[in-house]
Student: 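Structure incoming, see below.
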2 protein chains.
Amino acid sequence: MSGTPNDDRRTRRRQATLTEIVDAAWEIVREHGLAGLSMRDLGERVGMRGQSIYSYFASKNEIYDAMFCQGYEAFIEWVDDRSSAEGSSEDPTMAAKLMAHTFIDFCTSDPVRYQLLFQRTIPGFEPSPESYAVAVQGYEQARQQLIRFGVNDQATFDLWTAMLTGLSDQQISNDPGGDRWERLVDRAVEMLLADAATHLHQESEQA
Amino acid sequence: MSGTPNDDRRTRRRQATLTEIVDAAWEIVREHGLAGLSMRDLGERVGMRGQSIYSYFASKNEIYDAMFCQGYEAFIEWVDDRSSAEGSSEDPTMAAKLMAHTFIDFCTSDPVRYQLLFQRTIPGFEPSPESYAVAVQGYEQARQQLIRFGVNDQATFDLWTAMLTGLSDQQISNDPGGDRWERLVDRAVEMLLADAATHLHQESEQA
DNA sequence: GTCTATAATCTGATAGAC
DNA sequence: GTCTATCAGATTATAGAC
């Protein structure tokens, strides 16, 4: 009863509408903030009534969840694309700086996405297990990258995430569109690398 | 026509109600998030109808503004109380660590306040000039403190704020109630001090 | 799958009696 | 200064026709 050409067409069409809705949700949220997403606006933007969205998503939180998932997929792709270029670099310091810029560019290029992925700001929202798994995958990818630069224990990694999210956060909050904190990234990486060298754990946690 | 004992009593009573309302607003916001503040809830908590609040505040944003102002006053007092104790310390490294803990304790002890003071998360809200002046005063106080530790140029100060807000933010977002990032503070300060020493600007910006 | 209709509730804010 | 009454909407979500 399944697998007919007609079913194929139908699911493809449905999938297209799903991504169309999520894309429209990102647009709204970039204009009116994370909390400013409403089903009516969303329906209007995608060419249907707000109530019809419920044929695709059971609730508003399910839309946030799809955005959360898509955001982390974008993160993984963003880092993948740029780390292959870094891999060809000989200088590990240079590679670490590139990685840091890659992360901060991702954050500052879309502040609302940063807010959804890396901060807890929507009161009722908890990511589904499936979306959370994607988030963990992104986190692990970043951790594996840093291990290459000698960041092989949890404490040092936590210090790096604090520094990099701190730079992103200040850049977004206090100098949107500028580079007041972004231009401190190279200096921050040099500082972190020097620190990591003095706190080296000999037992690497690599596989 | 003014200055009679009756006027005195009246303004004192009014002032008491004003702070009572702001205190109740903090309670609500700690329970339901920054965006979860409503005039009806606020009125109920303070013992009047929601509409009566408008006798004290012209709009909801004026309440956010009062909270913003009060939050920065609390920050100034918090730092003042603890920096006098630090002043008696001989070791500048120790003093810097105490200052960093003071800042991060302030942030993590009240996440919603941190959100209101240091992040831009309420869509329509802009602090009034009066409240903004208090914020600038708090910022300047922190800057003057760091100058004592050799952080005498803007770039180095920006790096410190990024590190300290980054640690606060990670602590709040990813380990609420714990100390996973808080326990990295001493190490972070040592790292920042070593960095500041190598980037010393001879022309101090002190008065 | 999309519609209309609507439930049920919340929102900030104003007018005017007392 | 607090109340009642009310405006003028907004919100998420469901039921049922087509």
Student: Would you mind reading off the distance between Glu44(B) atom CD and dT2(D) atom C1', rounded to a whole angstrom?
Tutor: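 The answer, rounded to whole Å, is 16 Å.
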
Student: Whole Å only: how far is the CG atom of Asn61(A) from the C1' atom of dT12(D)?
Tutor: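 Checked: the CG to C1' distance equals 11 Å.
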
Student: May I have the distance from Phe57(A) (atom CZ) to dT14(D) (atom P), rounded to whole angstrom?
Tutor: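 Checked: the CZ to P distance equals 16 Å.
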
Student: Distance check: side-chain N/O of Ser52(A) vs OP1/OP2 of dC3(C), anything under 4.0 Å?
Tutor: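 Checking Ser52(A) against dC3(C): at least one side-chain N or O falls below 4.0 Å of OP1 or OP2.
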
Student: Quick one: Met39(A) CE to dT6(C) P, roughly how many Å, whole number?
Tutor: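 Spelled out: CE on Met39(A) to P on dT6(C) is 21 Å.
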
Student: Compare side-chain N and O positions of Tyr54(A) against OP1 and OP2 of dA15(D) and report whether any pair is under 4.0 Å apart.
Tutor: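 Answer no for this pair, as no side-chain N or O of Tyr54(A) is under 4.0 Å from OP1 or OP2.
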
Student: Looking at every strand, decide which applies to Ser59(A) at a 4.0 Å heavy-atom threshold: base, sugar-phosphate, or nothing.
Tutor: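 The residue Ser59(A) makes sugar-phosphate contact but no base contact.
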
Student: Measure the distance from CD on Glu62(A) to P on dT12(D) and round it to the nearest whole Å.
Tutor: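 After rounding, the reported distance stands at 15 Å.
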
Student: For Ile122(B) and dT11(C), what is the distance between atoms CD1 and P respectively, to the nearest whole Å?
Tutor: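 Value for this atom pair: 15 Å.
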
Student: Base, sugar-phosphate alone, or nothing: which one does Ser38(B) contact when heavy atoms must sit under 4.0 Å apart?
Tutor: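 It contacts sugar-phosphate atoms only.
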
Student: Base, sugar-phosphate alone, or nothing: which one does Arg13(B) contact when heavy atoms must sit under 4.0 Å apart?
Tutor: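 Nothing, no nucleic acid heavy atom in range.
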
Student: Considering only NZ, NE, NH1 and NH2 on the basic side and carboxylate oxygens on the acidic side, decide whether Arg45(A) and Glu31(A) come within less than 4.0 Å.
Tutor: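 Salt bridge present between Arg45(A) and Glu31(A).
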
Student: dA10(D), OP1 or OP2 - any side-chain N/O from Arg40(A) closer than 4.0 Å?
Tutor: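 Negative; the distance criterion is not met.
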
Student: Of the listed nucleotides (dA13(D), dT4(D), dT11(D)), which one gets closest to any side-chain atom of Gln51(A)?
Tutor: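 When the side chain of Gln51(A) is considered, dA13(D) is the closest of dA13(D), dT4(D), dT11(D).
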
Student: Rounded to the nearest angstrom, tell me the gap between atom CD1 in Ile53(A) and atom C1' in dT4(C).
Tutor: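 In whole Å, dT4(C) C1' lies 16 Å from Ile53(A) CD1.
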
Student: Rounded off to whole Å, could you give me the CE-to-C1' distance for the Met48(A) and dC3(C) pair?
Tutor: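 Taking atom C1' of dC3(C) as the reference, CE of Met48(A) is at 11 Å.
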
Student: Do the side-chain N or O atoms of Arg49(B) get closer than 4.0 angstrom to the phosphate oxygens (OP1, OP2) of dT4(D)?
Tutor: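 Answer is yes, contact under 4.0 Å.
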
Student: Is the closest basic N to carboxylate O distance between Glu140(B) and Arg143(B) below 4.0 Å?
Tutor: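 Here Glu140(B) pairs with Arg143(B) in a salt bridge, since their nearest N and O are under 4.0 Å apart.
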
Student: For the aromatic rings, using the six-membered ring if either is Trp, is the centroid distance between Phe57(B) and Tyr64(B) under 6.0 Å?
Tutor: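 Here the rings of Tyr64(B) and Phe57(B) have centres that are no less than 6.0 Å from each other.
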
Student: Yes or no on ring-ring contact (aromatic ring centres under 6.0 Å, His included) for Phe68(B) and Tyr72(B), after CA distance, side-chain angles and deciding distance?
Tutor: CA-CA 6 Å; Phe68(B) 181 88; Tyr72(B) 268 103; 5.1 Å; yes

Student: Is the closest side-chain donor-acceptor distance between Gln170(A) and Asp175(A) under 3.5 Å?
Tutor: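 No, no side-chain donor-acceptor contact under 3.5 Å.
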
Student: Using a heavy-atom cut-off of 4.0 Å across all strands, would you classify Ile63(B) as base, sugar-phosphate, or nothing?
Tutor: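 Ile63(B): no heavy atom of the nucleic acid under 4.0 Å.
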
